[in-house]
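The structure under discussion appears below in the form of structure tokens.
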Amino acid sequence: MTALGFLYPGHSAEDDYPRIEQLLGSDVRLDLVHTDLGEDAHRVDVLRQMGDPEGLTKGVEQLRLAGAEAIVWACTSGGFVHGWEGAQEQVRTLATTAGMAASSTSFAFVHAAREIGARRVAVAAAYPDDVAGLFGAFLRAGGLEVTGVRSAPAATAAEVAAWEEAQVTALARAADAPDADAVLIPHTALHTAACLPALEKELGKPVLTANQVTVWEALRLADRRVNAPGLGTLFTREPIVQV
């Protein structure tokens with residue numbers, strides 16, 4: 001059994017994780033510890049506070065006691081708003097405190113895009129323009145070319161959590177560009193685990209979503225490779241390893 005640990009802010013789309021665990025169809029356990037969301041607002045100052053490294057470490061001990069082999073800060077905006085260097089420091093603090101490999105959803109997007117060979121990406125973000133722009137800048141700092149950033153300025157995570165599949169699809173379609181190798185949808189409060197194959201069929205290209213890449217990143221850190229086509233192209237790149 002491979003146990004993976006996630007620090008997840010508040011309660012929005014955490015039900016994506018048991019769904020992903022089921023779709024993995026392997027001996028992988030996904031353990032979540034809910035961190036304090038604080039004020040639910042898509043403002044840079046609030047998001048920076050939510051991702052404060054000292055605050056995140058409070059949930060680490062519970063995941064360590066659960067036997068986690070790797071830990072991921074499962075919040076996109078709570079990582080990239082700190083910039084590339086700040087997000088690295090955030091992850092270093094987590095790794096040092098936990099005594100294990102650590103990462104965040106922001107870095108997961110960069111690593112996952114590289115994994116599928118996507119050099120040019122389109123961003124479909126349920127953030128205000130200023131926050132969405134920071135994600136685009138983070139991706140560029142990671143060496144990706146961003147063809148464009150389409151934002152749908154949802155004010156809170158709770159609002160995003162209530163989105164229907166049709167809204168997610170509409171935003172992804174609006175963000176897509178002919179020269180984009182993949183479409184990225186950043187927001188761990190957004191339910192996407194159930195609609196990845198449909199999204200990829202609709203757009204005709206790989207789609208990377210926050211909870212999907214977060215779990216993939218944890219598997220990567222634990223040196224596990226699981227083939228799970230129900231989770232999109234990202235989970236068909238590796239040889240099948242089922243124990």
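A quick note: this is a predicted structure, and the numbers were derived from the prediction, not measured.
With no hydrogens or angles considered, a side-chain donor-acceptor pair links S103 and E217 at under 3.5 Å.
Of all heavy-atom pairs between T147 and A177, the closest is OG1-CB, 3.8 Å. Between L221 and A70, the shortest heavy-atom distance links the atoms CB-CB, 3.7 Å. For P186 against T76, the heavy-atom pair with the smallest separation is CB-CG2, 3.8 Å. The heavy-atom pair separating A182 from A118 by the smallest distance is CB-CB, 3.9 Å. The minimum heavy-atom distance between S151 and L171, with the atom names listed, is C-CD1, 4.5 Å. Of all heavy-atom pairs spanning G79 and W73, the tightest one is N-NE1, 3.9 Å.
More than 12 heavy atoms of other residues, nucleotides or ligands shown are found within 6.0 angstrom of CZ on R120. By the 6.0 Å contact criterion, CD on Q22 is open, its count of non-hydrogen atoms from other residues, nucleotides or ligands being 12 or less. Around CD of E145, the count of heavy atoms belonging to other residues, nucleotides or ligands within 6.0 Å exceeds 12. Within a 6.0 Å sphere centred on CZ of R64, other residues, nucleotides and ligands contribute more than 12 heavy atoms. Within a 6.0 Å sphere centred on CZ of R119, heavy atoms belonging to other residues, nucleotides or ligands number 12 at most.
Not less than 6.0 angstrom separates the ring centroid of F138 from the ring centroid of F109.
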Give the intermediate values and the outcome of side chain to side chain contact (heavy atoms under 4.5 Å, CB included) for residues S26 and R224.
CA-CA 11 Å; S26 186; R224 284 296 307 270; 3.2 Å; yes
Does the ring-ring contact (aromatic ring centres under 6.0 Å, His included) test come out yes or no for Y17 and Y8, once each step is laid out?
CA-CA 10 Å; Y17 288 81; Y8 187 91; 5.8 Å; yes
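The side-chain hydrogen bond (donor to acceptor under 3.5 Å, both in side chains) test with T233 is passed by exactly one of K205, E200, E115: E200. Checked against V215 for a side-chain contact (heavy atoms from CB on, under 4.5 Å), the options L219, V213, N211 give a single hit: L219.
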